[in-house]
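Structure, as C-alpha cells:
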Amino acid sequence: MKTLLGLVASPRKFGNSEIFIKEIHRCLKGSWNLRLIRLPELDIRPCLACYQCLFGPMRCVQRDNLPLVLEEMVKADALVVAAPTYFLGANASLKRLLDRGLSFYAHIDALWGKPAVGVAIAGVTGLEGYTKLVVDSFLKLILADHRGCEVVYGALPGEVLLGHEGPAAARKLARALEEGAETPDSKTPRCPLCGGDTFRFLPSADPAGSGVQKIRCMTCSSEGTLRWDGASFAVETIRGEHPLFLTREDTVAHLKWLQSMKDLFMKRRDELKAVTRAYKDTGTWVRPENT
Ligand SMILES: Cc1cc2nc3c(=O)[nH]c(=O)nc-3n(C[C@H](O)[C@H](O)[C@H](O)COP(=O)(O)O)c2cc1C
C-alpha cells in the first residue's frame, strides 16, 4: 500500500482544506493510506537565517516539529497540500513551513520527483489573490514533482464539494497523482519552462508598438516575453542564472551557490561590517517586556 501525505494549512476541523484532501484520497484508484498533518497546530518556528542546515550534518539547530514534517514528507509516496485563502494569500502556516525550506536540501534524494498536487481554497469567487502562487511555489520548492494545482471556491465548511467544480478538481488532481500531470489547456498562457501561470510585467521598451511585453515567471523566476500573435497570447521564457528548480542539477547548483556564500561572507566581512556598523545606534527597538 502507498502513502499519501496531506498537509492541511487550515486550523478549521472538517473544513474545506481537510475534506478536499480526503476527497482526493477517495478518488485515487490504487490502494493508498492517507496520513494527515494540520500545519497550524504544529510548532514550526521562524527560520533563524543561520544557514547551519546547509553544512555538515545539514540539520536545523532549532528543536521544534520540523523534523516530524520532514520525516513524513520523506516517507510518503505522494503529497497533497491544501491552503485556505486568508487575506488574499495562503494561510501563514504554509509559508511558515516554506520559510524553513533550506532544510529540504538535506532530503533531495527522497523528495526530488515525488508526485505532489495542491489546492488553493477561497471563500469568495475571484478573491483567492496570490494563494495559488504560494501553493505552486511550495510544491516546487519542496523539490517535489508538481503535477497540478487547482483553485476551488467555498466559504462554509464542506461547501467546496457542493456543486460539480470542486469534485471535478479533486478527481483531476487524484488522476495527476497516479498518472502524471495533464497536458495543460492551451487557453491559459503558461511558462514553458515550469508550467507557472503567474507573471510579473516588467518595464518593456515599446510594449504598445511591438505587441511584446517583458515578463518574469513568479514560479521559476525565468524572464521572457508575452507576445500577441494576432490570434492568441504566447509566453516565451529562458533559463536565467538562478532557475528555481527546473532540474535536479539546478537544485544542486543552487545549494552549492548558497554554500559558497559563506566564503564570500568571510572575504567581505570587514567591508560589510563597515556598512552595518554605521547603523548600529539608529532607532529604538520595541519589544515585549522581559525579553
Ligand atoms: C481570517 C480569514 C481571512 C480570509 N480571507 C479570505 C480572502 O481574502 N479571500 C477569500 O476568498 N476568502 C477568505 N477567507 C475565507 C476562507 O478562505 C474560506 O472560508 C475557506 O473555505 C476556508 O478553508 P478551511 O475551511 O479549510 O479553513 C478568509 C477566512 C478567514 C478566517
Side-chain angles (χ1 to χ4, degrees), residues 3-28 32-46 65-66 68-69 72-73 76 78-100 115-142 144 146-177 188 196-200 218-219:
T3 297
L4 174 67
L5 176 66
L7 297 176
V8 181
S10 164
R12 187 153 72 162
K13 297 213 167 79
F14 301 112
N16 287 315
S17 307
E18 177 183 330
I19 60 146
F20 196 86
I21 287 182
K22 290 178 175 174
E23 177 61 17
I24 290 181
H25 174 247
R26 278 194 188 180
C27 293
L28 292 168
W32 290 80
N33 164 38
L34 176 65
R35 288 175 72 80
L36 294 160
I37 293 181
R38 190 182 300 286
L39 294 177
E41 72 190 20
L42 296 187
D43 175 22
I44 303 285
R45 308 215 182 124
N65 295 143
L66 182 68
L68 170 81
V69 184
E72 290 292 329
M73 284 168 62
L79 308 168
V80 51
V81 179
T85 301
Y86 275 26
F87 296 101
L88 301 181
N91 179 285
S93 61
L94 191 64
K95 184 67 169 71
R96 202 171 52 164
L97 174 58
L98 186 55
D99 281 5
R100 300 288 291 284
V117 296
V119 59
I121 296 171
V124 185
T125 302
L127 289 201
E128 70 273 17
Y130 57 99
T131 307
K132 179 175 183 290
L133 178 60
V134 179
V135 177
D136 279 331
S137 306
F138 183 87
L139 296 176
K140 290 269 182 198
L141 296 173
I142 60 171
H146 180 325
R147 293 192 175 183
C149 183
E150 297 290 318
V151 178
V152 294
Y153 299 107
L156 308 173
E159 205 182 336
V160 275
L161 293 181
L162 294 177
H164 68 275
E165 284 175 7
R171 284 196 298 276
K172 184 175 170 184
L173 293 175
R175 217 170 29 245
L177 277 179
T188 313
D197 61 4
T198 308
F199 301 93
R200 171 158 295 151
M218 289 293 99
T219 313

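In each ligand, atom 1 is the first atom listed, and ligand 1 is the first ligand listed.
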Could you go through the side chain to side chain contact (heavy atoms under 4.5 Å, CB included) check for F138 and L7 one step at a time?
-> CA-CA 11 Å; F138 183 87; L7 297 176; 3.9 Å; yes
Side-chain contact test, heavy atoms from C-beta onward, threshold under 4.5 Å: evaluate it for [X] versus [Y] and give yes or no.
X	Y	answer
E150	E165	no
P11	N91	yes
I37	L5	yes

Report, as yes or no, whether the 6.0 Å neighbourhood of atom CZ on R26 holds more than 12 heavy atoms from other residues, nucleotides or ligands.
->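 Not buried by this count: 12 neighbours or fewer within 6.0 Å.
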In this structure, are over 12 heavy atoms from other groups packed under 6.0 Å from E72 atom CD?
->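 For E72, atom CD is crowded (more than 12 foreign heavy atoms under 6.0 Å).
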Testing L34, L173, V81 for side chain to side chain contact (heavy atoms under 4.5 Å, CB included) with I21, which one passes?
->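 For I21, the side chain to side chain contact (heavy atoms under 4.5 Å, CB included) test succeeds with only one of L34, L173, V81, which is L34.
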Go through ligand 1 atom by atom and flag the ones less than 4.0 Å from a non-hydrogen atom of I121.
->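 With I121 as reference, the close atoms of ligand 1 come out as 17 (O), 20 (C), 21 (O).
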Which of the ligand 1 atoms, numbered from 1, are nearer than 4.0 Å to a heavy atom of G15 |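 Atoms satisfying the 4.0 Å criterion: 25 (O), 26 (O).
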Protein contact to [atom] [nearest heavy atom, distance to 0.1 Å]:
atom	result
atom 23 (O) of ligand 1	P84 CB, 3.3 Å
atom 13 (C) of ligand 1	T85 O, 3.3 Å
atom 12 (N) of ligand 1	G123 N, 3.1 Å
atom 8 (O) of ligand 1	L88 N, 2.9 Å

Does [X] reach ligand 1 with a nitrogen or oxygen that is under 3.5 Å from one of the ligand's nitrogen or oxygen atoms?
X	answer
L127	yes
A122	no
P157	no
F87	yes
S10	yes

Where on S17 is there a heavy atom closer than 4.0 Å to ligand 1, on the side chain, on the backbone, on both, or on neither?
->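 It is both parts that get close, each with some atom under 4.0 Å.
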Is there a donor-acceptor pair under 3.5 Å between the side chain of R38 and the backbone N or O of V8?
->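 Checking the backbone N and O of V8 against the side chain of R38, no donor-acceptor pair under 3.5 Å is found.
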Has A155 got any heavy atom lying under 4.0 angstrom from an atom of ligand 1?
->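 Heavy atoms of A155 do come under 4.0 Å of ligand 1.
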Has G154 got any heavy atom lying under 4.0 angstrom from an atom of ligand 1?
->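 Yes, that is the case, since the closest heavy atom of the residue is under 4.0 Å from the ligand.
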Excluding sequence neighbours, so at least two apart, what forms side chain to side chain contact (heavy atoms under 4.5 Å, CB included) with L68?
->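 For L68 the side chain to side chain contact (heavy atoms under 4.5 Å, CB included) partners, ignoring immediate neighbours, are L42.
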